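Because the structure is predicted, anything quoted here is derived from the model rather than measured. The analysis underlying the following values was restricted to heavy atoms, covering all of them including side chains, and did not include hydrogens, waters or symmetry mates. Each ligand, and each atom within it, is numbered from 1 in the order the structure gives.
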Amino acid sequence: MCDNFSQQVEQAADWIRSAERLSAMTGAGVSAESGVPTFRGAGGLWEGRRAEEMATPEAFRADPACVWRFYNMRRDRLLQCAPNAAHQALAEIEKDRTDFCLITQNVDGLHRAAGSRNVVELHGDIWIDRCGVCDYAERVTEVSQAPIPRCPKCDGMMRPGVVWFGETLPPDAIDAAQTAAAQCAVMLVIGTSSMVQPAASLAMVAQHHGAKVIEINPESTPLTADANLVIAEKAGTAMAAIAKALSQPE
Ligand code: OAD
């Protein structure tokens, strides 16, 4: 393992350059420098409750207006956020490759806003409203004024288009993520606590199939000991440096 930042960046860039297929898995930490609070860090509390308590079907059944207030607060905040250097570096790296799959646990849409194209959103998209009764779904761009938006088709209660704890992930998304993990030669794991399954296990799937796993996170996680390279830096700093190294002639 190299312990100096520029050596780590060079090592990561070397592996990425020679990788036939590249994947990245991102979590809330990749959006932290855009001002989006992480789930398990400071600022993860809302009205004194843990964000995870709001993200369940039980919470929605018990008090849908409360869950909508939580998501409206998050949408409000996101309207003031823009992609940061890490989102931009990932979009930049994708421009030069045809084999890059970006798997994200984030629902904030900032990867797409930065220009990433092949994005698998494992936990859905906060800017989708979908009916809890019928199959109606729509993309929204503003925070709804209604305490609980209603379905224009069946008048059922709408809910945010995100995956809640206890729900299954969209089958297409998990299939695409598993394939990308199994086929890549390098997987970047950026800004995730690697605590929520099945996302957390994808790095192990990749490594099991022979991939090098590069973790970028200022804090250590359950993945750190197994990663082939750990860059204990902020995502924006590390990814901008890696994208720069990749853009220079070898
Ligand atoms: P967490 O809040 O669990 O973890 C965020 C990680 O980002 C931590 O390990 C931080 O150390 C790291 N971090 C913070 N700032 C960073 C920075 N500037 N650069 C790099 N890393 C940084 O978020 P996730 O792992 O994404 O699920 O959480 C996974 C899932 O749990 C979420 O998708 C959400 C949540 O509950 C659902 O809502 C289903």
| query | Counting N and O atoms only, with roles assigned by atom type, does the side chain of Glu58 sit under 3.5 Å from a partner on the main chain of Ala62, one being a donor and the other an acceptor? | reply |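 Side chain of Glu58 to backbone of Ala62, a donor-acceptor pair under 3.5 Å: no, none is there.
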
Which atom pairs, one a donor and one an acceptor, fall under 3.5 Å between side chains of residues 169-192 and the rest of the protein, sequence neighbours left out?
residue	atom	partner	partner atom	Å
Thr179	OG1	Asp175	O	2.9
Thr192	OG1	Gln105	NE2	3.0
Thr192	OG1	Ser194	N	3.1

Mind checking the CZ-CD spacing from Phe165 to Glu167? Nearest 0.5 Å is all I need.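 The CD atom of Glu167 is 11.0 Å from CZ of Phe165, to the nearest 0.5 Å.
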
Worksheet item: Quick one: CD on Glu10 to CD1 on Ile242, what's the gap to the nearest 0.5 Å?
Response: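 If we round to the nearest 0.5 Å, Glu10:CD and Ile242:CD1 are 10.0 Å apart.
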
Item to complete: Write down, by chain and number, every protein residue that brings a non-hydrogen atom to less than 4.0 Å from an atom of ligand 1.
Response: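 Residues near ligand 1: Gly27, Ala28, Gly29, Ala32, Glu33, Thr38, Phe39, Arg40, Glu52, Gln105, His123, Val163, Phe165, Gly191, Thr192, Ser193, Val196, Asn217, Pro218, Glu219, Lys234, Ala235.
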
Run the side-chain donor-acceptor check on residues 202-216: report pairs under 3.5 Å with partners two or more places apart or on a different chain.
residue	atom	partner	partner atom	Å
Gln207	NE2	Asp226	O	2.7
Gln207	NE2	Asn228	OD1	2.9
His209	ND1	Val205	O	2.9
Glu215	OE1	Thr224	OG1	2.7
Glu215	OE2	Thr221	OG1	2.6

If a pair satisfies side chain to side chain donor-acceptor pair (under 3.5 Å) and one of its residues is in residues 110-120, list it, with sequence neighbours excluded.
->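 Qualifying pairs: Thr26-His111.
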
